Amino acid sequence: MKKQLQIAVYGKGGIGKSTMSANLSAALAMAGDRVMQIGCDPKHDSTRYLMHGEVIPTVLEYLRETPESRQSLSDVLREGCFHIGCLEAGGPKPGIGCAGRGIITAFEFLDRTGAKDPYERIIYDVLGDVVCGGFAVPVRREYADAVFLVTSGEYMALYAANNILRGIYNYDGNEGRRIAGILYNERRIPDEDERVRRFAGAVGLPVVAKIPRSPAFARAEEKNCTVMELDGFESEKSVFRGLAAQIDGDLRLYPARPLSDGDLEHAVLGTALPEDDGTGRNSAERQTPDEPLSVSVSGNNDAGRRQESSAEPPRRPALYGCAFQGAAVEAVHVTDAIVIAHGPRACAFYTWQLLTSSGRKNLFNRGILMPSAISPNYRSTDMGHAEAVFGGMDLLKSAVREAIARKPGAVIVISSCVSGIIGDDIRTVEEMSTPDIPVIAVPADGDIGGDYMTGIEMCTHLLVEKLADVDIPMRDDCVNLINETGVSNNQEINFRTVRSLLSRMGISINCRLSGDTTTEDLRSFFSAPLNLLADDTPVGRATRTWLEDNWHVRFAEGAFPIGFQATCRWLREISAFFHREDAAEQIIRDEKESYESEIASLRSVLSGKKILMTSINVNMDWFLEAAEAAGMSFVWIGVLNYLKQDIVLSDHPDRYPVEQTLDVEQIQAKARELKPDLILTNYTSETGRGDWLVAAMPMTQVAGFRSALVILQRLADLFENGKEGTWSDDRALFEKYYA
Amino acid sequence: MTERCLKNITPDSITGMIMAMEGFQNAVVLLNGPMGCKFYHSTTSQFLTVRPLLYVPSEKSGRNIPVDYNYLNDYFFRQPRVPCTYLDGYDYVYGTRPKVRDALRFLKKTIRFDLLAIVNSPGASLIGDSLKDLAAEELPGTPCVILESPGYSEGFSRGYENALLALLQQAGGRLWSGSPDRSAPEPPAHPCVNILGLSIYDRYAEGDRAELRRIFGAMGVTVSCFPASSCSLDELKRLPGADLNIVITPERGRRTAEYLKNTFGTEFLVLDRPPVGFGATEEMLRSAAERLSLDTSRLQAALDDCARARALAWYHINNIYDTSGRPNGIRYAVEAPCSWLYAFAGFFTEYLGMLPDSLVPDGPADERAEKMLRDFLSEHHCASALSRDILDTDAELVFSNANTIAQLKEEGKIFCGIEISLPSMGYTDIIPKTQIGVRGSLFLTEQVLNGMMSRL
């Protein structure tokens, strides 16, 4: 199989791109290449000739109608003449949605399904007006290796060609060479050859083919086929054969050197025209009226086109939070990095509030100063209207330059919905990295990249991929901590507990991934022989799997231990790995005595008490067992699985039967039926009133030997002294006075 | 390690819009955007305003239960304020109208509300879905305002006033056109005024409103309406009937006042500075009395109230001044919208004799307010305070939001931080407080006296 070559064919609307593309595809296929043509115009008629008139389903229409789990490439990929793979990206209805974003979505689907992999030549037939970042996607460097500009000698066609060069120049600057040349589609206007020649000379490009005005194209249109399939018309066919031979041979590529508007007029029209001829119209508008081509590729013939489906779109689960925010919360933990939110200030503001609220509260309530929660190294590009319309890359690059000037350990850039929708390719700023300061792009695109948890994962992966040194020597006395939950109030307390336990065994902490860390710590990530998962959350488990599968690192079995037994097991596992068993056993002996003594004293108050528990927490055996040790029993346990995840509350389901519920009324009915002494829940207001105590189960737990003791002691205090405050009787008064 | 590179990130125009619309009682503000844009606004609005409990049908039985019992409710997500359409990547490609339509039907079926606002998130605004016709179709009898463009990185005040103007323009016809609405409330007692430029997002919004009602009441003037600051639909309907519109914050109210003048002919008064401190409060009362042609005796009643408060303040200040010479000469810093900056500077410098160290405008300035501030500072030979970053201040008293105060604490600065805007440190205010008017002047004086580090 030949090396794959991706070719974008751009030009003004109606100039004949689809005709050129289809005949070029046919010529390449006839030369023995495996060819795919992808129509990137919402009109979705690029492949009509290759398909002999058959209108094929568009990728975007298909994605709209089909749940992700049932999506398959074969539903949208068709085989045209000469076994050419045919795809149409399609787009939303005019006036609705964002067609540019549609192109991006279609391309993501093609990438996800590996649609292009079997082909040697990919032809993108792209709407000529690069109206936004979305329509510019095909010229991004990960797609087009070569670009042909289709133009006639008409001023507006040349103007469009020049605009396309500007678009490519924005990607490539002075360095890239991706322009293959000009396909001159003759319209037979006065001085046409000279105009095209002057334009080509001015922009430094060759005219690689001149397609003569010919009845061949009208004939092909009548027959709904390519010219290459007609009998006769050998001179026209030879043009496309020659082009195919160039592509398969030594295709020379040139840099994009667009002209200013003034230079363009001068080059094309020969002389500068007056600014205003009295009609109020500018010079461009005074050019020859836009006549239809002899070969119409756009047309208004809707016959045979698929009607827009009226089917309801598939229901999708709501995304909790957005990837942008998850990534930002993750990124600011790299304390020597500068994190840039690329979007309107609103996006950065929400994250800022999320980050700083715990900092303010800790300062106010406890007098604790938490630098990363008070002054995170986090800024916004403050995209405005202009950037939303014209693109925000200049603004972003300026922000990155300013950040680099401050000499941080790294610069981390995260994209918002707005920058994602308009197609800002933030990956390009990675080229601004210096030898000492890597620039890392996290293309979260708001919630287009997924939910909050996805953002955390995305950022975590990139930090490891971009920063960690795989060749670093491994040490024998340290661990990494993975997935310390970003917004947990217990994060710092648990870190200190774990650090103390490890220290008592002579083990140090190498790097905290998803905890406060530095770029230097991340670089030495692979020097730790063992990794410890902090929080056993879905994102934590996913991070662990990713690290194990891709980097073959080793993890301890258990997460940060919650409760006495888990802490014993955790210490023994880690001590065995590092051969520090004696130290671990000494810690356990020291702690066991005081733990048993405290449980015994709690028993006098708690023994015989019945608990009804609802929980959003997982792996609660540490508490269930401790409560039983204190003489309590569980009359019913309900799991609130509102995120529809796999939740395991206990490893002993026979001993602790669990029901999944999302129904508050069921919980209240159970309480009335079973008459517990205590309802233990994450949401205390949902329990209803009754002859029982209500206590809150913390959302996040304290790690270590004392996790359950802290909660049981509070319960004992409540049973001994506490009753529900009478304030709660006043709900009726609130309803009366504030309804 | 990096040096400090960041300033506090402040809310922009979409927050201004949402908070303006949340400033109407019994309104629903539907955020057409992803859930990431919802949580802050929902939480903040819930804590800033006291509202009736919201009941929605149970997902299981269909019976009405409090919204925070419903785990997977499609639009509220356990939070009673600012439901949202939870847009995702699919909606940006195919359009948001189906979700907006579903949300409107759900809201119509589920809860009773007087006013609906739909606010596009910045992302949703890019794709240009037309929502006005949808709202008209689904909620034909309800005043609706569609805020299709939330602005990108524009200031809070800009978003606030854009939203209010859009409401007046889009829903005004339903509220005021043609013959008098049969449901329109009785006109308030004259003379009456509307107060423009306050928001539920102000640090002490409820107390501010109460104080303004009280001091205007002291001279026999009724406050008819505080649009966008806990205003009911009935009060909004009374808006055109006021004798005078008083603009407290020109950054948020000048254009609205001009619109109301052009539409209803209502005269307006833009305060040179908001009523922070005794002097500014007296100025406001005098100006309003003059514009309303009040009897001197009425004005005097209000000024007497202020005079009694001045006397009380004098006693406490004098006790401290006697032994320490303070608050004279204490350096202070303020971060606030430009017009408020001028008012604070006036009170602290002219009345208390303190010295401005750093005065930082928060958001784009009203041109006139900025000029008056500059003139004031030049007159007092302290214009340099305007060019000093608040994070560089060595002031003994810092008046700002809690983020800035916390940042200064984190830098090891020794000072007393006094909150004048959001976010707060987390203190829950149950008793309404105010920093404006007569009582606000006393409260600010109290905060200054308690915030000074040493009386010796």
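Naming convention: chains lettered A, B, ... in sequence-line order (proteins, then strands); numbering from 1 in each chain. Here the structure is a predicted model, which is why all the values come from computation and not from measurement.
- Only the side chain of B:Tyr40 comes within contact range of chain A, with heavy atoms under 4.5 Å apart.
- Only the backbone of B:Ser424 comes within less than 4.5 Å of a heavy atom of chain A; no side-chain atom from C-beta onward does.
- Heavy-atom distances place the side chain of B:Ile14, and not its backbone, under 4.5 Å from chain A.
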task: For B:Phe39 and A:Leu354, run side-chain contact (heavy atoms from CB on, under 4.5 Å): C-alpha distance rounded to whole Å, both residues' side-chain angles, the deciding distance at 0.1 Å, then the answer.
output: CA-CA 10 Å; B:Phe39 294 135; A:Leu354 182 67; over 6 Å; no

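- Contacts with chain B were tallied for A:Thr518, A:Thr381, A:Val418; A:Val418 has the most, counting heavy-atom pairs under 4.5 Å.
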- prompt: What's the verdict on side-chain contact (heavy atoms from CB on, under 4.5 Å) for A:Leu63 and B:Tyr90, showing C-alpha distance, side-chain angles and the deciding distance?
  reply: CA-CA 9 Å; A:Leu63 296 180; B:Tyr90 177 99; over 6 Å; no

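- If you tally non-hydrogen atom pairs under 4.5 Å between each of B:Gly151, B:Gly89, B:Pro150, B:Pro52 and chain A, the highest count goes to B:Pro52.
- Between the CG atom in B:Asp88 and the CD1 atom in A:Ile448 there is a gap of 9.0 Å [rounded to 0.5 Å].
- For B:Leu87, the part lying under 4.5 angstrom from a heavy atom of chain A is the backbone only.
- Residues A:Ala318 and B:Tyr86 come closest through the heavy atom pair CB-CD1, 3.6 Å.
- Note that CD1 of B:Ile9 and CG of A:Leu355 are 9.0 Å apart. Values are rounded to the nearest 0.5 Å.
- Closest heavy-atom contact between B:His41 and A:Tyr350: CE1-OH, 3.1 Å.
- Contact tally against chain B (heavy-atom pairs below 4.5 Å) for A:Ala323, A:Gly326, A:Ser419, A:Gly384: the top residue is A:Gly384.
- Two residues are said to be in side-chain contact when any heavy atoms from C-beta on lie closer than 4.5 Å; B:Tyr427 and A:Phe364 meet this criterion.
- Between chain B and the options A:Leu369, A:Asp445, A:Asp447, heavy-atom pairs under 4.5 Å are most frequent for A:Asp447.
- The contact between A:Leu363 and chain B is made entirely by side chain atoms (from C-beta outward), counting heavy-atom distances below 4.5 Å.
- Between B:Gly426 and A:Lys361, the shortest heavy-atom contact is O-NZ, 3.1 Å.
- Between the CZ atom of A:Arg345 and the CZ atom of B:Phe156 there is a distance of 11.0 Å, given to the nearest 0.5 Å.
- Among residues two or more places apart in sequence or in another chain, the side chain to side chain donor-acceptor pair (under 3.5 Å) test is passed with A:Gln71 by A:Arg112.
- Without hydrogens or angle criteria, B:Ser153 side chain to A:Met383 main chain gives a donor-acceptor distance under 3.5 Å.
- Contact detail for A:Arg360 and B:Met425: the closest heavy-atom pair is O-SD, 3.6 Å.
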task: Show your reasoning for whether side-chain contact (heavy atoms from CB on, under 4.5 Å) applies to A:Tyr320 and B:Met35.
output: CA-CA 6 Å; A:Tyr320 278 76; B:Met35 226 186 294; 4.1 Å; yes

message: For B:Asn403 and A:Gln353: C-alpha separation, side-chain torsions, deciding distance, then whether side-chain contact (heavy atoms from CB on, under 4.5 Å) applies.
response: CA-CA 9 Å; B:Asn403 270 345; A:Gln353 288 303 309; 3.3 Å; yes

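- Most heavy-atom pairs under 4.5 Å with chain A, from the set B:Asn26, B:Thr43, B:Leu53, B:Thr15: that is B:Leu53.
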